[in-house]
Amino acid sequence: MASGEEDGALEEKETNNKKRTKSIIATAWLMFYNIAMTAGWLVLAVAMTRYYLQKGTHKGLYRSIARTLKFFQTFALLEVGHCAIGIVRTSVIVTGVQVCSRIFMVWFITHSIRQVQNQESVILFLVVWTVTEITRYSFYTFSLLNHLPYFIKWARYNMFIVMYPLGVIGELMTIYAALPYVRKAGMYSLRLPNKYNVSFDYYYFLIIVMLSYIPLFPQLYFHMLRQRRKVLHGEVIVEKDE
Ligand SMILES: CCCCCCCCCCCCC/C=C/C(=O)SCCNC(=O)CCNC(=O)[C@H](O)C(C)(C)COP(=O)(O)OP(=O)(O)OC[C@H]1O[C@@H](n2cnc3c(N)ncnc32)[C@H](O)[C@@H]1OP(=O)(O)O
């Protein structure tokens with residue numbers, strides 16, 4: 001009987017040790033990830049400011065920062081993994097929509113359709129993303145260190161109220177500007193007849209993507225408003241299973 005109890009206690013101790021090791025590794029990784037991302041977006045902020053001050057125009061700005069932007073925004077795909085393996089308490093779906101829409105903007109719009117790269121709307125979403133991400137990743141970094149300055153917490157849960165709609169306006173205007181070029185070039189489209197007997201029109205796909213902002217964006221926005229109430233006003237919010 002006594003030996004059974006001892007075995008149980010030993011097992012519990014081992015499980016706790018494993019959990020602790022796992023959480024130390026996860027915290028170390030998140031620390032590295034958040035510092036790297038804060039640094040990446042800071043580099044982008046400095047590069048954009050320098051370009052604009054030196055050239056006095058936004059034309060050519062996107063091309064000058066494209067590589068760094070593509071690298072750090074693509075790296076953010078790991079965030080979906082963080083949620084999926086449970087090292088951060090965030091919904092995979094919410095994070096997935098957020099990250100995928102950004103990856104889509106970077107690779108399948110701005111990178112692929114050169115003619116839109118000098119649009120003001122590109123600069124709009126770039127500036128908005130940069131300000132948001134510097135705040136967000138420094139928020140996570142300082143939270144992990146248990147030394148979160150109030151102004152970062154405040155900025156994280158207030159700036160999005162304006163930044164989110166501005167970012168969406170920039171993104172939608174850029175996709176809209178891309179439409180005529182996509183139609184003219186028949187880009188990423190598959191016409192019939194072909195050996196697979198399927199057709200795909202990227203032009204109409206983009207229109208569907210634009211329309212999908214209508215149901216999806218409010219969900220992200222209201223998710224952030226709930227997070228804001230929870231973190232800034234201490235409200236207890238029962239989240240539905242996502
Ligand atoms: C095929 C094509 C598909 C296209 C589809 C198109 C449709 C798209 C429609 C929508 C379009 C959106 C466009 C977006 C534009 C912009 O981004 S504009 C710029 C403004 N943007 C924002 O302000 C972004 C706001 N969004 C976010 O912050 C997140 O991405 C989020 C996932 C939406 C919400 O974040 P969430 O993680 O839920 O909230 P938090 O409060 O920050 O965190 C919750 C807890 O998790 C911890 N945590 C999360 N990440 C980390 C991390 N990296 N490191 C450490 N910890 C992390 C966090 O600390 C919280 O923990 P607790 O405090 O313990 O709860």
Side-chain angles (χ1 to χ4, degrees), residues 23 26-38 40-41 72-73 75-109 112 121-122 124-146 148 152-153 155-175 188 200 202 205-232 234-237 239 242:
S23 112
T27 309
W29 163 252
L30 286 175
M31 199 68 197
F32 165 78
Y33 175 80
N34 292 318
I35 292 175
M37 292 303 264
T38 311
W41 286 95
F72 284 100
Q73 190 52 66
F75 202 52
L77 268 175
L78 288 175
E79 261 159 71
V80 185
H82 294 162
C83 310
I85 61 173
I87 60 171
V88 298
R89 280 185 295 160
T90 309
S91 145
V92 181
I93 298 172
V94 174
T95 309
V97 173
Q98 171 73 36
V99 173
C100 291
S101 71
R102 293 273 195 94
I103 301 272
F104 180 76
M105 278 311 297
V106 168
W107 287 104
F108 295 95
I109 302 289
S112 307
S121 57
V122 171
L124 175 62
F125 76 70
L126 281 182
V127 171
V128 167
W129 288 8
T130 306
V131 174
T132 303
E133 298 304 49
I134 292 170
T135 315
R136 188 164 73 94
Y137 291 116
S138 28
F139 168 86
Y140 294 142
T141 307
F142 286 111
S143 298
L144 287 173
L145 290 170
N146 284 325
L148 177 65
I152 296 186
K153 185 172 166 177
R156 161 83 180 122
Y157 291 105
N158 279 298
M159 278 189 345
F160 80 90
I161 296 173
V162 177
M163 290 297 190
Y164 235 161
L166 282 180
V168 166
I169 291 170
E171 292 175 25
L172 287 176
M173 281 171 65
T174 307
I175 304 178
Y188 297 150
F200 175 75
Y202 192 51
F205 176 75
L206 288 186
I207 294 176
I208 294 170
V209 167
M210 289 174 81
L211 291 174
S212 72
Y213 274 66
I214 300 170
L216 294 177
F217 173 61
Q219 302 205 33
L220 296 182
Y221 197 71
F222 285 115
H223 168 81
M224 285 308 290
L225 286 175
R226 281 196 298 272
Q227 290 293 87
R228 178 178 187 272
R229 289 208 304 272
K230 190 176 96 180
V231 178
L232 295 185
E235 274 183 38
V236 180
I237 287 152
E239 292 265 2
E242 281 161 313

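Counting convention: from 1, in listed order, for ligands and their atoms alike.
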Any N or O of [X] that comes nearer than 3.5 Å to an N or O of ligand 1?
X	answer
Tyr140	yes
Glu171	no
Thr90	yes
Ser101	no

Run the contact test for [X] against ligand 1 with a 4.0 Å cut-off on heavy atoms, strictly below, and give the result.
X	answer
Ser143	no
Tyr157	yes
Arg102	yes
Glu79	no

Is Arg102 paired with Glu133 through a side-chain N to carboxylate O contact shorter than 4.0 Å? yes

Is at least one protein non-hydrogen atom found at under 4.0 angstrom from [atom]?
atom	result
atom 53 (N) of ligand 1	yes
atom 3 (C) of ligand 1	no
atom 61 (O) of ligand 1	no

[atom] - nearest protein heavy atom and its distance:
atom	answer
atom 34 (C) of ligand 1	Met224 SD, 3.5 Å
atom 18 (S) of ligand 1	Gly167 CA, 3.6 Å
atom 11 (C) of ligand 1	Tyr213 CE2, 3.5 Å
atom 22 (C) of ligand 1	Thr132 CG2, 3.4 Å
atom 30 (O) of ligand 1	Gln98 CG, 3.1 Å

Compare [options] and give the one whose heavy atom is closest to [atom].
atom	options	result
atom 19 (C) of ligand 1	Val127, Leu30, Val128	Val128
atom 25 (C) of ligand 1	Phe160, Tyr164, Phe108	Tyr164
atom 32 (C) of ligand 1	Val88, Leu166, Leu148, Thr95	Thr95

Can you list the steps and then say if Thr135 with Trp41 is a side-chain contact (heavy atoms from CB on, under 4.5 Å)? CA-CA 10 Å; Thr135 315; Trp41 286 95; over 6 Å; no

Could you list which atoms of ligand 1 come closer than 4.0 Å to a heavy atom of Val94? 32 (C), 33 (C)

His223 heavy atoms, cut-off 4.0 Å: which ligand 1 atoms fall inside? 34 (C), 36 (P), 38 (O)

Checking contacts here: is it the side chain or the backbone of [X] that comes within 4.0 Å of ligand 1, counting heavy atoms only? Could be both or neither.
X	result
His82	neither
Val99	neither
Arg89	both
Arg156	side chain

Under the side-chain contact (heavy atoms from CB on, under 4.5 Å) criterion, do Val127 and Leu166 qualify, and how do the steps go? CA-CA 10 Å; Val127 171; Leu166 282 180; over 6 Å; no

So which heavy atom on Phe72 is nearest to which on Met37, and how close? O-CE, 3.2 Å

Work out which heavy atom in Ile87 is nearest to a heavy atom in Ala26; give both atom names and the distance. CG2-CB, 3.6 Å

Exam field: side chain [X] to backbone [Y], donor-acceptor pair closer than 3.5 Å:
X	Y	answer
Ser112	Trp107	yes
Tyr221	Ile161	yes
Thr95	Val92	no

Would you check if the distance from the ring center of Phe217 to the ring center of Tyr164 is below 6.0 Å? yes

Can the ring centroids of Phe139 and Tyr157 be said to lie less than 6.0 angstrom from one another? yes

Go through the steps to decide whether Gln219 and Val94 satisfy the test side-chain contact (heavy atoms from CB on, under 4.5 Å), and finish with yes or no. CA-CA 8 Å; Gln219 302 205 33; Val94 174; over 6 Å; no

For the CE atom on Met173, are there more than 12 heavy atoms of other groups (residues, nucleotides or ligands in this structure) within a distance under 6.0 Å? no

Given side-chain contact (heavy atoms from CB on, under 4.5 Å), test Phe108 with Tyr188 step by step and report yes or no. CA-CA 10 Å; Phe108 295 95; Tyr188 297 150; 4.1 Å; yes

